[in-house]
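The structure appears below as structure tokens.
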Amino acid sequence: MRFSPSALVPFLAVAASAVQDPPSTTTHVPACTATSSTGSGAFFDLRPDMAAIQVEGTYKYGPFKDYTSKGYDYGKNFTMNICGAVVDPVSDVIGVTPPLWQNVSAYYTTKGQVYSIGSESMELQSRGRKLVLQYTGGSPCGPETTAVAKRDPQTDYDYEQKNPDSNDNSSSPEEPEKDKVRRKSTTISFLCDRDPGATQANVYFVGTDPDECAYFFEVRSSHACAHAEPHKPGSVGPGSIFGLILVIAVLVYLLGGIFYNRTVAHARGWRQLPNYSLWAGIWSFICDLFVMALSACFRSVSSRRGYRHLSTSPSRRDRNVDAENRLIDQLDEEWED
């Protein structure tokens with residue numbers, strides 16, 4: 001049977017397709033995580049910084065209370081959560097309908113009134129070297145805030161919408177009227193904190209715009225530092241790629257060596273293998289080691305069963321000969337008597 005070079009083609013094709021074909025299973029990026037947009041492959045996971053209620057009988061690593069930040073010269077203090085609604089529920093939020101009170105992620109209180117500065121969002125984004133999270137849909141703000149006084153705080157309907165007799169026909173039926181009231185929003189910038197003494201994230205108020213519609217915060221957290229992205233189920237990991245490359249290299253080595261030894265050196269049998277003498281020497285060396293170990297085990301077992309080495313020293317042998325001679329002489333004397 002002659003070896004054909006075409007035998008290499010199926011093996012190489014299968015190995016190459018295993019490396020190049022993408023995984024069939026589609027994976028989704030987990031919430032509150034992001035991959036660096038710079039192409040460095042850095043991965044960020046802020047889920048451990050999300051405050052959550054401690055359920056009795058279970059244990060969760062992470063904060064259990066909302067984050068607070070002082071406004072200092074702004075005159076107001078802020079309460080917020082990261083990638084989630086605040087743990088302590090709020091009510092009577094200005095300009096926000098009651099069903100949406102449970103989604104408030106950041107707010108401040110002034111004169112006994114609660115103002116939302118953003119609703120829950122888990123869309124963490126990487127913008128170059130910055131890691132950003134944004135909350136929108138807060139309480140009304142800006143010059144249009146006076147129009148909110150005409151709204152029912154329980155239903156959040158416009159005054160004109162409650163009066164169907166209104167003659168305002170400015171909006172066409174094809175384009176439904178949208179909420180044109182500006183609302184407060186929050187932008188959070190995360191910075192890497194490598195301080196080993198920092199046990200949780202720290203929130204700092206940066207500032208707001210003149211209309212008090214956009215609020216800016218800075219959060220320092222150890223989880224905002226770049227990490228390697230974990231292996232996703234269904235995807236080809238680094239170990240799998242290395243294994244495929246190793247298999248391809250072994251196949252090329254074996255098949256190429258067999259082809260050369262069979263066609264050029266005209267070798268047959270086991271001698272067709274590349275570097276046959278080397279592998280045969282290694283195999284014989286392993287066999288010798290096995291035989292030596294086996295004989296050592298037999299010797300140790302024999303010594304434990306009570307076998308002892310007999311001494312053959314010249315002095316002891318001479319003493320035995322003298323004793324035998326004396327015994328023979330004594331027997332001869334007794335026989336003669």
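This one's a predicted model, so the numbers in the text were calculated from it and none came from an experiment.
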For residues 196-204, dump all side-chain donor-acceptor pairs below 3.5 Å to protein atoms at least two apart in sequence or in another chain.
none

All N/O donor-acceptor pairs, side-chain side in residues 127-138, below 3.5 Å, sequence neighbours left out:
from   : atom 1 : to     : atom 2 : distance (Å)
Arg127 : NH2    : Gln125 : OE1    : 2.5
Tyr135 : OH     : Asn81  : O      : 2.7
Tyr135 : OH     : Cys83  : N      : 2.9

Contacts under 3.5 angstrom, residues 279-294 side chains, donor-acceptor by atom type, not counting sequence neighbours:
from   : atom 1 : to     : atom 2 : distance (Å)
Trp279 : NE1    : Tyr253 : OH     : 3.3
Trp279 : NE1    : Pro274 : O      : 3.1
Ser284 : OG     : Ala280 : O      : 3.4
Ser284 : OG     : Gly281 : O      : 2.8

Sequence neighbours excluded and cut-off under 3.5 Å, please list the side-chain donor-acceptor pairs for residues 68-77, or say none.
from  : atom 1 : to     : atom 2 : distance (Å)
Ser69 : OG     : Phe205 : N      : 3.0
Tyr74 : OH     : Tyr215 : OH     : 2.9
Asn77 : OD1    : Gly71  : N      : 3.4

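Considering all non-hydrogen atoms of both residues, Cys213 and Gly142 come closest at SG-N, 3.6 Å. Trp101 and Asp92 make their closest contact through CH2-N, 3.3 Å (heavy atoms, listed as atom of the first residue, atom of the second, distance). Between Ser105 and Ser119, the closest heavy-atom pair is OG-C, 3.5 Å. The heavy-atom pair separating Pro140 from Gly95 by the smallest distance is CD-CA, 3.6 Å. In terms of heavy-atom proximity, Pro48 sits nearest to His223 at CB-NE2, 3.4 Å. In terms of heavy-atom proximity, Val114 sits nearest to Thr109 at CG2-OG1, 4.0 Å.
Partners of Glu218 according to the salt bridge (Lys or Arg N to Asp or Glu O under 4.0 Å) rule, which considers only residues two or more places apart in sequence or in another chain, are Arg220. Listed by chain and number, the residues in a side-chain hydrogen bond (donor to acceptor under 3.5 Å, both in side chains) with Ser221 are Asp49 (sequence neighbours excluded).
Separation of atoms CG (Asn261) and CG (Leu273) is listed at 8.0 Å; rounding is to 0.5 Å. Expressed to the nearest 0.5 Å, how far CD of Glu212 lies from SG of Cys141 amounts to 9.0 Å. Rounded to the nearest 0.5 Å, atoms CZ (Phe44) and CG (Leu124) are 8.5 Å apart.
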